[in-house]
2 protein chains.
Amino acid sequence: MKRATIGDVAAAAGVSVATVSRVLNGGAVRQATAARVWEAVTSLDYTPNALTKSIFAGRSSTIGVVIDDLTSPFYLDLMRGIDEVASANGSLVMFANTFHDPGREVAHVRTMDEQRVRGLVVTSGASTDERTRRMAEGGTPCVIIARSLPQPPPHLHSVKLDNRAAGRMMAEHLVSCGRRSVAVISSGPRPSHTERIEGLRRGLGEAGLALPDDAIASADANSEVDEAMAALLVRRPDAIVCLTGRRTVAVHSALAARGLRFPDDLAFLTMDDFAWGPALGITVIAQPAYRMGQRAAELIVENPNRAARLTFKPELITRTSCGEKG
Amino acid sequence: MKRATIGDVAAAAGVSVATVSRVLNGGAVRQATAARVWEAVTSLDYTPNALTKSIFAGRSSTIGVVIDDLTSPFYLDLMRGIDEVASANGSLVMFANTFHDPGREVAHVRTMDEQRVRGLVVTSGASTDERTRRMAEGGTPCVIIARSLPQPPPHLHSVKLDNRAAGRMMAEHLVSCGRRSVAVISSGPRPSHTERIEGLRRGLGEAGLALPDDAIASADANSEVDEAMAALLVRRPDAIVCLTGRRTVAVHSALAARGLRFPDDLAFLTMDDFAWGPALGITVIAQPAYRMGQRAAELIVENPNRAARLTFKPELITRTSCGEKG
DNA sequence: GTGAAAGCGCTAACAC
DNA sequence: GTGTTAGCGCTTTCAC
C-alpha cells in the first residue's frame, strides 16, 4: 500500500541507492545491474518523487501562471500558448485566477514562489510587483503580461501588445468606414485601456475627429454594461468601440436588446478575435495571444540575462460590423 | 542572492530551526522570541519551501488536472469549477492538455503522479486507467470526468453527465418542435456520444421516429465537419443535432455557408451552453460543467472512502433555433 | 562500476 | 518554551 522508495528498489535489486539513482538518471552502470534495477522498479511500481528531486535542483520544473480570469478569450489563448511550450519542455503549468482581487493576487504569487516554480507568468495588477521583482532578482524568471510598466524593473521580462497602435488602428478603420462619432466602452481604468484610448484619440484627431471624455464609459462587470451603454447612446454615436474582448458579448447583447443592428444603426468594433467572430461578422482588433503565451513561456525556459521587452503588433480582422465596403 | 533557508532565519534570530518552524506553523513560542523570528524572516525575505514541506506530508497540496483540451467550453467551465474549490482550499491546480493524444496523456498522468499531486482529475481516454487505478489504490484520490466506464474500478471516483437523458431530452424537444427527420454529428467514437445517441434513438423511437446509422456522421476535427455535414444533408433532415460543444461553431458555420437558416430551413440543437448562445438564439442541452468541476475537486479534498459515482442531469435551455413555439 | 555517507530544507519527536 | 536530533526521499561526492 505504501509507495516504494528508491531504497526499496535498491533492496529488491540488491544494490545501493546510489546505483538505482544512476540507472534512473543515466549514469554509468553495468548492463546486468541496470537490468536487475529496472526489474525491481517495475515489480515495485516505483514512481520517483519529483518533489524530492526538486530540492536538489533548488526549484521545481513547473511554470507558474497567475492570471486575471481564464474566462477571457485573450487569457485563454495565452494559456494555451504557455502550455504548448511548457509541454514541449517537460514542464507542467500551475495556474491560479485572481479575478482582479489584489489580495488573491498577492497570495497566489506568494504561493507560486513557495512552490519554487521554474518561472512565473503574471498578468494581473501591480500589487505583486514588489515580490515579483524580488523573485526575479532571486533567479526566478518572471514575465509580466499585457501591462505597461512606467519604468519596468530590471530582470522582469514583459510581453505586451502595442496598445497605442491598436487604438490608432481602430480609429483608422472606423474613419475609413465613414464613421464620425465614436463611443468607447472599457472595463475599468487599466493602463492598457488608457493607451488604447490614447491611440484612438490620436487617430481620430488626425481625421479631424474628437473623442470627448463623455464618449468613454467604463463597466467593471458585465452587469454594468447596460447602464454604461445607455449613457453612451444618448450621444447618438455612429460607432461603438469595445476595448476588451472580455466585454464583447455583454456589449453586443446590450446593443441588440435595444434593437440596434450592425452596421446599419451602428458600427461595432471590438478587441480580441473569438470563435464566433466570423459567424457574427464582427470586425475585431486581434492580439496574437497564443504567440504571446508561447514567447512568455520561452522567456522562462531560456531565461536570458537581459530583461526582454516584447511588444506585439495588433492585427485588424475585417468583417462586416463596421459597414466595410465590399 | 541565494535564498534564505530556515537555518539562516534561525541564526539571524539567535534561535534553533525548530523554534522558527514553530512560529511559522503556529506552535507554542514566547511572544518575544516570535517577534525576533518574524523580524529575521522579514529582513532575510524568507519564503518557505513548499516542496520540502511536501516531503513530510508525503504529497503536495496541488490538484492535478489532465484535460483533453482547454479550448472546449465544457472543459473550460469544468476547470473554473475545480479552480474555485482548489483556491478555497489553499490548493493550486496543475494542468496539462492531452489533445486526445494517448501518448501525451499517459506521460502527463505519470508526471502528475511523480509530482505527488494531492489528487487527480482526468478527463481523457482510457489509456491512463491502469496507472490511475494504481494511484487511487495508493491513496491519491482520482476522479474520472465525463467518461462512462463499463465496470468502474473501485477507488476511482467518477463525475459524469447522464448522457442517455441528454439524448432523450434532445429527441423530446425536437419532436415537440415538430421535427421528424433528425441528423446527428459527433466528434469521434466516444462512449459519451454513444450513450447520447442511444438516448436520442430511444426518445425518437417513442415518437415513432427512426434514427438510422447513416443519419449519424462523425468529425474528428473541425476541418472534417464540412464534409460530414454534406453527407448528412443529402438525407434532407429537418433537424441537426450536434453532440458536442466543441463542434458547435464549425457545424453552425458549415450550415450557414450553405445558406441554411435556423429554424426555418433546419432546426439546430447542440450540447453545452456558451456565451453567444443567447445572442444567436441557439437552443442547447447544457451540462452543469462548473458544478461538475466543483464536485470533482471536492471529492479530492474530502477523499471519501467509498468510490463516488456522481451523475449530473442535463438541462434544456430553450431558445429559438429549433423553431420553438411561443 | 559500485557503495557509504553527507547533505538538500524542513518537520517532529524527544529531551531539557 | 526551546534546542537537539533523527529522519523525509533523493542526489552527489568520494572512496574503493
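Chain letters run A, B, ... following the sequence lines, proteins first, then strands; residues in each count from 1.
Extent of DNA chain C lying under 4.0 Å from chain B heavy atoms, first and last nucleotide in 5' to 3' order, is dG9(C) to dA13(C).
For the side-chain contact (heavy atoms from CB on, under 4.5 Å) test with L78(A), the passing option among L70(A), V159(A), I145(A) is I145(A); the others fail.
The closest side-chain donor-acceptor pair between R131(A) and T47(B) falls under 3.5 angstrom. Between the side chains of Y46(B) and D8(B), no donor-acceptor pair of N or O atoms lies under 3.5 Å. In summary, the side chains of R59(B) and T140(B) do present a donor paired with an acceptor at a separation below 3.5 Å, with no hydrogens or angles considered.
The stretch residues 21-38 of chain A comes close to DNA chain D through S21(A), R22(A), N25(A), each having a heavy atom under 4.0 Å from the strand.
E130(A) and R134(A) are joined by a salt bridge, as a carboxylate oxygen and a charged side-chain nitrogen come within less than 4.0 angstrom of each other.
Remark: K53(B) engages no residue in a salt bridge (charged side-chain N to carboxylate O under 4.0 Å, His left out) (not counting sequence neighbours).
By the neighbour-count criterion of 12 heavy atoms within 6.0 Å, atom CD of E39(A) is sparsely surrounded, having that number or fewer from other residues, nucleotides or ligands.
Of the two residues contacting DNA chain D, namely F56(B) and V15(B), the nearest-nucleotide position lying further toward the 5' end is that of V15(B).
In this structure, S60(B) contributes its side chain and S54(B) its backbone to no donor-acceptor pair below 3.5 Å.
Under 4.0 angstrom from either OP1 or OP2 of dC10(D) there lies no side-chain N or O belonging to T52(A).
Taking atom CD1 on I6(A) and atom C1' on dC10(D), their separation rounds to 6 Å, with Å as the unit. For the pair I55(A) CD1 and dT12(D) P, the interatomic distance rounds to 13 Å; values are reported in whole Å. Distance CG (D8(A)) to P (dG9(D)): 8 Å, rounded to an integer number of Å.
You'll find that the side chain of T5(A) is closest to dG9(D), out of dT11(D), dT2(D), dG9(D).
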